[in-house]
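Remarks on the structure that follows.
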Amino acid sequence: MSVATADVQATFCATLVDEWVRAGVVHAVVCPGSRSTPLALALAADPGITVHVRLDERSAGFTALGIAMATGMPVVVCVTSGTAAAELHAAVVEAHHGGVPLLVCTADRPPELHGVGAPQTIDQVRLYGPAVRWFAAPGVADPATSATWRSVGARSVVDACAHPTGPGPVHLDLAFREPLVGAAGVLPEGRPLRRPWHDVVGAVQAPEAAVVRGADLVATTTGEHSARRGLLVAGAGAGDPADVVELADVLGWPVLADPRSRCRSLHRCVVATADALLRDGELTARIRPDVVVRLGRPWASKVVNGYLDELAAGGVDTAVVDPHATWNDPGRGAGTILVAEPGAWCRALASRLQAVGLAPCAADHVDGWGSADAAAARALDAWCAGRSELCEPSLAWLLPGIVAADTTLVVGSSMPVVSAISRRMASMRS
């Protein structure tokens, strides 16, 4: 093999990285390894990419997952061939179910080294099965295919961010031949003004039919022309918190806000302690709604999800607002699935209801939930403050007063996730 071929591989990798940067990718997580050298060097050479180095592939996968969750943009994770690629599987599955965009790049041996016992060589074709939005194995870079390189890079970002089934991981299995170190030449010409090679325009975020159906669902059928007694339930992917609370204000509805929804604040409609409140059967009977609208993915709390399932089974109208029709309804009780981006749907529905002069439901509804939430928060504060030993809830309660405002906190267990940490954080930062 000539040195020139190593240069072709370097040029191919530099082209992928250039397309990623054009599409807004900023971060890459690299695990040191021999076979992935061409891509690792290309990532390190591009000033538009911040490279994070991790020695362990599993750690690399979850580091990339965390950065992508925090930024909302795809993150490249680059590993060498063989079992190193298998170590990413857990993070890929998490990204799949969490709707997190990842660009999973596994280096691979060339075809002639497969099936002959070459070290660190496994079958990496579709290694992650249906967990990825798109899989591509473009083969060893060849000048004859250079016209396709930018398309591969651009499409990987498009499918990670805007796949019809929602954001998620993409897998590029990149075969490299030795020698692995080359010098990138002139890249294939890109689009003018540094636009990405493919620019995919998405569907309407809040189709008119979904807004009209929503307006019918939330309004009373009597002559009062006011909102029914309802609940907004915000999970991960619920949309812009400002849009959610604006609709809550218009309707006079409480928002049961999962911490991952980013909706927990000191707004009068936001209920942060639902996991605790809904364990009280007498309370739940008193503040029972007539309609429930669920935004984004289900809560992390079994208590909240069980309560919503009971409401649906008891005849309470339930709708799920889901932009990708991925059926976020584990209890199978939703009577209506509204295919729309939740934040855009909230914004459009609030505007429509204000235009027709719909009055909010009686104030005692949101006030009842608010009073219960405040009482639960006080009780949790008192209980946690009185603990001499640490436990999951008390640790979650203490952390907002310890960590700096710009700290990134990673929580592994679901129990602290459903605690009062986000409400206390909001209180201390206000």
Side-chain angles (χ1 to χ4, degrees), residues 1-55 57 60 64 74-82 84-85 88 102-114 118-121 124 136-157 160 170-198:
M1 177 179 175
S2 67
V3 175
T5 307
D7 294 344
V8 172
Q9 294 181 150
T11 307
F12 165 67
C13 290
T15 304
L16 289 183
V17 174
D18 185 61
E19 275 298 321
W20 293 337
V21 172
R22 286 168 177 248
V25 175
V26 175
H27 293 277
V29 182
V30 174
C31 276
S34 175
R35 191 60 55 170
S36 56
T37 295
L39 182 57
L41 292 177
L43 289 165
D46 196 303
I49 295 287
T50 299
V51 175
H52 310 265
V53 178
R54 296 292 183 272
L55 299 182
E57 286 82 10
V75 174
V76 178
V77 56
C78 167
V79 302
T80 192
S81 62
L88 296 179
L102 282 187
L103 303 179
V104 180
C105 298
T106 56
D108 204 346
R109 300 295 176 108
E112 62 270 17
L113 292 182
H114 283 263
Q120 280 300 298
T121 305
Q124 296 175 197
V140 177
D142 188 308
T145 63
S146 61
T148 68
W149 295 352
R150 286 193 176 275
S151 176
V152 171
R155 181 177 172 181
S156 64
V157 177
V170 161
H171 179 201
L172 300 182
D173 192 50
L174 306 174
F176 299 116
R177 285 195 179 99
E178 294 182 351
L180 299 170
V181 178
V186 177
L187 307 189
E189 187 175 356
R191 301 289 187 198
L193 304 176
R194 291 199 55 77
R195 297 197 307 271
W197 193 256
H198 300 302

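The first residue in the sequence is number 1, and the count goes up from there.
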Quick check on side chain to side chain contact (heavy atoms under 4.5 Å, CB included): which of Pro138, Pro188, Pro38, Ser146 does Phe12 satisfy it with? Pro138
Is there a donor-acceptor pair under 3.5 Å between the side chain of Arg35 and the backbone N or O of Arg109? no
Please report the interatomic distance CH2(Trp20) to CG(Asp46), rounded to the nearest 0.5 Å. 10.5 Å
Taking the side chain from Gln124 and the backbone from Ala107, do they hold a donor-acceptor pair closer than 3.5 Å? yes
Between Leu113 and Arg177, is any pair of side-chain heavy atoms under 4.5 Å apart? no
Provide the closest heavy-atom pair for Val170 versus Ala160 in the form atom of the first, atom of the second, distance. CG2-N, 3.6 Å
Just so I know, are the side chains of Leu172 and Leu103 near enough to count as touching, which here means a heavy-atom distance under 4.5 Å? no
Heavy-atom closest pair (Ala14 atom, Ala42 atom, distance to 0.1 Å) is N-CB, 3.8 Å
Distance from Ser156 atom OG to His171 atom NE2, nearest 0.5 Å? 12.0 Å
When you compare the side chain of Leu102 with that of Leu88, does any pair of heavy atoms fall below 4.5 Å? no
Any donor-acceptor pair under 3.5 Å from Arg54 side chain to Cys31 backbone: no
CG on Asp142 to CH2 on Trp149, rounded to 0.5 Å: 8.0 Å
Test Val76 against Cys105 for side-chain contact (heavy atoms from CB on, under 4.5 Å), laying out the working first. CA-CA 7 Å; Val76 178; Cys105 298; 4.1 Å; yes
Here the pair of heavy atoms bringing Ala183 nearest to Ala10 is C-CB, 3.8 Å
Side chains of Pro196 and Arg155 in contact at under 4.5 Å (non-hydrogen atoms): no
Is Thr11 reaching over with its side chain to a backbone N or O of Gly185, donor-acceptor style, under 3.5 angstrom? yes
Under a 3.5 Å cutoff, is there a donor and acceptor pairing between the side chains of Ser81 and Asp108? no
4.5 Å side-chain heavy-atom contact, Val53 and Pro32: yes
Would you check if the side chain of Arg22 reaches a backbone N or O of Arg191 as a donor-acceptor pair within less than 3.5 Å? yes
Flag if over 12 foreign heavy atoms under 6.0 Å of CD, Glu112: yes
Quick one: does Thr148's side chain have a donor or acceptor within less than 3.5 Å of a partner on Thr145's backbone? yes
Considering only heavy atoms from C-beta outward, does the side chain of Val17 approach that of Leu39 to under 4.5 Å? yes
Which atom pair, heavy atoms only, marks the closest approach of Val25 to Pro74? CG1-O, 3.7 Å
To the nearest 0.5 Å, atom CD of Gln9 lies from atom OG1 of Thr37 at 10.5 Å
Within a strict 4.5 Å, meaning less than it, do heavy atoms of the Glu57 and Val77 side chains meet? no
Quick one, Ser34 and Leu180 - any side-chain contact, counting heavy atoms below 4.5 Å? yes
Main chain of Trp197, side chain of Glu19: is a donor-acceptor contact present, judged purely on distance under 3.5 Å? yes
Note: Asp18 and Arg150 closest approach over all heavy atoms is OD2-NH1, 2.9 Å
